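Below is one structure, written out as structure tokens; comments come after it.
This is a predicted model, so every value here is computed, not measured. Chain A is the first sequence line, chain B the second, and so forth, proteins listed ahead of strands; every chain is numbered from 1.
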Protein chains: 2
Amino acid sequence: MRILLVEDDILLGESMMVSLGRHGFTVDWLQLGNQVEASLKTEDFMAIILDLTLPDIDGLKVLKKIRQAGHKIPIIILTARDDIEDRVKGLDDGADDYLLKPFALQELLARLRVMIRRISGNTESEIECKGLRLSLQNNEVHYQDKPIKLTKAEFKLLATLVAKSGRVLSKDQLQQALHGWDEAASDNAIEVHIHNLRKKIDSKLIKNIRGVGYIIEKD
Amino acid sequence: MRILLVEDDILLGESMMVSLGRHGFTVDWLQLGNQVEASLKTEDFMAIILDLTLPDIDGLKVLKKIRQAGHKIPIIILTARDDIEDRVKGLDDGADDYLLKPFALQELLARLRVMIRRISGNTESEIECKGLRLSLQNNEVHYQDKPIKLTKAEFKLLATLVAKSGRVLSKDQLQQALHGWDEAASDNAIEVHIHNLRKKIDSKLIKNIRGVGYIIEKD
DNA sequence: GGGAAACTTAAGGGAAACTTAAGGGAAAAA
DNA sequence: TTTTTCCCTTAAGTTTCCCTTAAGTTTCCC
């Protein structure tokens, strides 16, 4: 679950990084509105958290641009102003939800879950593939109806592979799923995680394509 | 995936060569802007990465010349952080995207993928020919709807032949598809790969024209 | 028929992926 | 806080795979 956070306040940004990370999200953090467009061009995010008061340009403008570019990605806006107008305007301009600063992180998490559930169609945000069923809400995995215990990293990797099943993902793409823009670990780390996943689930589930990457085939 | 890199900084150039190479790109590296035109005349590239600050001539001039010559090839320009004007001018002059130095290699890779996806039309970049269907991003091949397992080198060769079906490709051109301007292996290596491709797919698919090269005919 | 180009087959070496174990660090518990 | 638990990463050793070379055979063309 990769999320784009656009927030110029360092303190707030850091604490959000930490607490979102703790809940299984991979967060990429931008501090300037101008950088958003470029990021969306190249990266896949599940949602955007957008502060409206940014140092370079107005958050509402960023919001508009995103929608004009045709992105349907869910967006939560953060606003400090008790300006009702801004909030309304934000929703009109394509935001899916808003939060008033200061807010409880609990609430942010709840709204994120709701949004992600909403766009992934079903009420239960679950992905299925090849006898595998993963619930994105509580990081649970079932294989042939038997529960399987995975660590955070393992779950993230598996979720990425399942979400893009039928496509080969390079080790670097998997690194990104784990670490976002942070400096990645060595490729060996991925190999070890894959190894553990195969041991816990099924040795034939994740296939390697030498020199290219890993894939879970579509069923 | 052959790419032309125009960059005078030795250190940066080398690290880009390595990491692009690791991601399946074949990179040809020039350090002078004047050499670009000649290369484009004789070689086929999927994209160009062009540093704007070159020792011999201005990168923007190179860009203009490329476009004036009618090449539609995607171009990413690299520019120092403060040259906003250059960036804008670059985009006006026909660049498809830009990166600010210093940049994360991750980001460059992502943008390359996006650009290549964009020009090859749909998200699923597939080429077809003579009952052959290859997915470029998965390194997958189907022949008459049956999957065929190929190695990386075999796939590259086949992809080149299919992409230019109807044209004869010399062994040297095929070497270049595999190795760029790196020292190539002996021609025998190509012969062996072709042999294996014929064995795996269909002995009559790839034709040899004695003294000239190999061809897959158009259908 | 002779020579060059292409085809075929097998083997060696090196790189990519797999496997296992251990250390260090972060989260959780006390 | 201190302690404990857990797991992510690194490191090192093993296995697997495949690219290239080499050597021999066949085909083509002069």
Answer whether the closest heavy-atom distance between the side chains of A/Leu205 and A/Arg198 falls below 4.5 Å.
-> no
Does the B/Gln175 side chain pair with the main chain of B/Ser186, one donor and one acceptor, at a distance under 3.5 Å?
-> yes
Using heavy atoms and a sub-4.0 Å distance, could you list which residues of residues 198-212 of chain A are near DNA chain D? By number, please.
-> A/Arg210
Does A/His195 make a side-chain N or O approach to OP1 or OP2 of D/dT14 shorter than 4.0 Å?
-> no
Between D/dT9 and A/His193, is there an OP1 or OP2 to side-chain N/O distance shorter than 4.0 Å?
-> yes
If you look at every strand shown and take non-hydrogen atoms under 4.0 Å, does B/Ala189 touch a base, only sugar-phosphate, or nothing?
-> base
For the pair made of CG in A/Asp172 and P in C/dA17, what is the distance, rounded to whole Å?
-> 11 Å
State whether A/Arg133 and A/Asp145 are salt-bridged, where the test is any N-O pair (Lys NZ or Arg NE/NH1/NH2 against Asp/Glu carboxylate O) under 4.0 Å.
-> yes
Any side-chain N or O of A/Tyr214 under 4.0 Å from OP1/OP2 of C/dA16?
-> no
Quick one: CG on B/Leu158 to OG1 on B/Thr151, what's the gap to the nearest 0.5 Å?
-> 10.5 Å
Look at the side chain of B/Ala185 and decide which nucleotide, out of D/dT21, D/dC19, C/dA17, has an atom nearest to it.
-> D/dT21
Spacing of A/Glu191 atom CD relative to D/dT9 atom P, expressed in whole Å | 13 Å
Can you find a pair of side-chain heavy atoms, one from B/Ile148 and one from B/Leu150, that are under 4.5 Å apart?
-> yes
Rounded to whole Å, CD1 of A/Ile194 lies from P of D/dT9 at a distance of 13 Å
Rounded to the nearest angstrom, tell me the gap between atom CG in A/Leu178 and atom P in D/dT10.
-> 12 Å
Do side-chain atoms of B/Asn138 reach the backbone of B/Glu140 as a donor and acceptor pair under 3.5 angstrom?
-> no
Closest to the B/Ala153 side chain, choosing from C/dA6, D/dC19, C/dT19 | D/dC19
Rounded to the nearest angstrom, tell me the gap between atom CG in A/Leu150 and atom P in D/dC6.
-> 16 Å
Map every base of DNA chain D to its dot-bracket character, where paired means a Watson-Crick or G-U wobble contact with both distances under 3.5 Å and | marks a partner outside the strand.
-> ||||||||||||||||||||||||||||||
Could you tell me whether the phosphate oxygens of D/dC8, OP1 or OP2, come under 4.0 Å of any side-chain nitrogen or oxygen in A/Thr151?
-> yes
Any side-chain heavy atom of A/Pro74 within less than 4.5 Å of one from A/Ile48?
-> no
Rounded to the nearest Å, what distance is computed from the CG atom of residue A/Leu158 to the P atom of nucleotide D/dC8?
-> 13 Å
Interatomic distance where NZ belongs to A/Lys171 and C1' belongs to C/dA17 [whole Å] = 6 Å
So do the side chains of A/Leu12 and A/Ile10 get within less than 4.5 Å of each other, counting heavy atoms only?
-> no
Given D/dT20, is OP1 or OP2 found less than 4.0 Å from the side-chain N or O atoms of B/Ser186?
-> no
May I ask you to test the A/Thr53-A/Thr79 pair for a side-chain heavy-atom distance under 4.5 Å?
-> no
So, is B/Lys152 near the phosphate of C/dA15, with a side-chain N or O under 4.0 Å from OP1 or OP2?
-> no
Side chains of B/Thr26 and B/Lys156, donor plus acceptor under 3.5 Å | yes
Provide, to the nearest angstrom, the distance between the CG atom belonging to A/Asn196 and the C1' atom belonging to C/dA17.
-> 14 Å
Identify which nucleotide among D/dC8, C/dT8, D/dA11 has an atom closest to any side-chain atom of A/Val192, counting heavy atoms from C-beta outward.
-> D/dA11
Is there a donor-acceptor pair under 3.5 Å between the side chain of A/Asp8 and the backbone N or O of A/Leu54?
-> no
Base of D/dA22 paired with side chain of B/Asn188 (donor-acceptor, under 3.5 Å) = yes
Counting any heavy atom closer than 4.0 Å, what does A/Lys156 reach on the DNA or RNA strands: base, sugar-phosphate only, or nothing?
-> nothing
Donor/acceptor link under 3.5 angstrom from A/Asp187 side chain onto base of C/dA17 = no
